[in-house]
*Asks:* 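Sharing a structure here in structure tokens format.
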Amino acid sequence: NLLIQPWIPQNDLLADSRIKLFVTHGGFNSMMESVYHAKPVIVFPFVHDQTGLASYAERHNYGVEMDFGNWEVDELTNNIIRVLNNKTFKESIKRSSDILRDRKTSAAERVSDAINHVMKYGDEHLKSGASDLYWFQFIMFDIFFVLV
Ligand SMILES: *[C@@H]1O[C@H](CO)[C@@H](O)[C@H](O)[C@H]1NC(C)=O
């Protein structure tokens, strides 16, 4: 029962109600999309923020973290069964999803409001003072140079 494709729109797939669980590498976008669509996860982190996000997911009962360098088929199967059968995982990620989605306005309305605001008042007042700094000031190189 595998469908292998060169590319699929992950966010649209996660939005499908037939998807019950997501086996992922735990990248930031994947984790945000999992939370948004309230899909419990099994995370095989590889690098960067993935390891931290995988532990976060496990700590917050969004799912289970596994070690890609050291795993057995039985372990994956058992974790899939565990995550699907234990309501804690679905309930925990659903609560985070509800928190994430709890906004008075939609993303489209917020973008529309921001565009209207800039059309009305321009954008000078929105620019950060950081854009006036030299690069070495921006990364605080001058401060560290003095400290060292
Ligand atoms: C469900 O999973 C949670 C989180 O791992 C655990 O604390 C709880 O004991 C599990 N419940 C059952 C009935 O196995």
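Indexing begins at 1, ligand by ligand and atom by atom, following the structure's order.
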*Asks:* Please tabulate protein-ligand N/O pairs under 3.5 Å for ligand 1, atom names and distances to 0.1 Å.
*Replies:*
{"residue": "ligand 1", "atom": "2 (O)", "partner": "N86", "partner atom": "ND2", "Å": "2.3"}
{"residue": "ligand 1", "atom": "11 (N)", "partner": "N86", "partner atom": "ND2", "Å": "2.9"}

*Asks:* Is it true that Y62 and S34 share a donor-acceptor pair across their side chains at a distance under 3.5 Å?
*Replies:* no
*Asks:* Does the E58 side chain pair with the main chain of E65, one donor and one acceptor, at a distance under 3.5 Å?
*Replies:* yes
*Asks:* Could you go through the ring-ring contact (aromatic ring centres under 6.0 Å, His included) check for H117 and H125 one step at a time?
*Replies:* CA-CA 11 Å; H117 177 86; H125 63 288; 5.0 Å; yes
*Asks:* Which heavy atom of D67 sits nearest a heavy atom of F44, and at what distance?
*Replies:* C-CD2, 4.0 Å
*Asks:* As an exercise, state the distance from NZ of K94 to NE2 of H37, rounded to the nearest 0.5 Å.
*Replies:* 12.5 Å
*Asks:* Test your reading of the model: is there a side-chain donor-acceptor pair from E33 to the backbone of S30, 3.5 Å cut-off?
*Replies:* no
